[in-house]
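Values in this document were obtained by computation on a predicted structure and should not be read as measured data.
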Amino acid sequence: MAYQGREATYNDQPYSDPNPLPSSVPAIDELGVTSAPLKSASFFIGQHCKEVNEDFMLCKQENRDPAHCLKEGRKVTRCAADLITKLRENCLAEFDAHWKCLEQNNQYFYACRKPEKALNQCVFSKLNLTKTIPGTPEGHDQIHEKKRPLYYPLQK
């Protein structure tokens, strides 16, 4: 999904990367989303792309040279782009409502539980992915599955 906007310029000249990637690294388009849609989809990306994420992290542990893991990084980006596309195709209204709520509420999840619940139900029913927050104590409900959640910002 290529960006369809203006061409990038620098000093009124078309921008060209001074350090292009080697031809051995496959090219990949950017995701084309800002931080709010990425945060909205983050737990689903974690589940959908678990294997490629683990491969990337193992590669990073093997060698700290950024060039060493470019191929694995591209696989992670492709997997995330694949999930974003699936979310847009299957749960567009719920996805848009949730990330726009995050955008308007300083990206706090607690302020967007209602649209989050609708998104979670849609993603589970259409993509068979569930949201699981890592580090939740065993036997406790996930925060987004509370029976009587508070839907307003808490004063601290």
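Scanning for ring-ring contact (aromatic ring centres under 6.0 Å, His included) contacts around Y108 gives Y110, with sequence neighbours left out. Every residue two or more places apart in sequence or in another chain that forms a side-chain contact (heavy atoms from CB on, under 4.5 Å) with A80 is listed here: L31, I45. Under the side chain to side chain donor-acceptor pair (under 3.5 Å) criterion, D96 pairs with W99, sequence neighbours left out. Under the side chain to side chain donor-acceptor pair (under 3.5 Å) criterion, S35 pairs with Q107, not counting sequence neighbours. Under the salt bridge (charged side-chain N to carboxylate O under 4.0 Å, His left out) criterion, K86 pairs with D82, sequence neighbours left out.
Through direct or indirect side-chain contacts shorter than 4.5 Å among Ile, Leu, Val, Met, Phe, Trp and Tyr, F56 is connected to V52, M57, V76.
Rounding to the nearest 0.5 Å gives a distance of 13.0 Å between CZ of R78 and OG1 of T85. The NZ atom of K50 lies 13.0 Å from the SG atom of C79; values are rounded to the nearest 0.5 Å. A distance of 11.5 Å separates CG of L119 from SG of C101, quoted to the nearest 0.5 Å. Taking CG of L38 as the start and CG of L102 as the end, the distance is 11.0 Å to the nearest 0.5 Å. In this structure, OG in S40 is found 11.0 Å from CD in E103, a value given to the nearest 0.5 Å. L87 CG to F44 CZ: the interatomic distance, rounded to the nearest 0.5 Å, is 7.5 Å.
With respect to the salt-bridge test (charged N to carboxylate O, under 4.0 angstrom), the residues R113 and E116 qualify.
V33 has its side chain within reach of R88: a pair of non-hydrogen atoms, C-beta onward, lies under 4.5 Å apart. For the pair F95/V123, no side-chain contact is recorded, criterion being any heavy-atom separation below 4.5 Å from C-beta on.
Within the structure, side-chain hydrogen bond (donor to acceptor under 3.5 Å, both in side chains) contacts touching residues 52-64 (residues at least two apart or in different chains) do not occur.
Aromatic ring orientation, F109 versus H98: parallel (interplanar angle below 30°, classes split at 30° and 60°).
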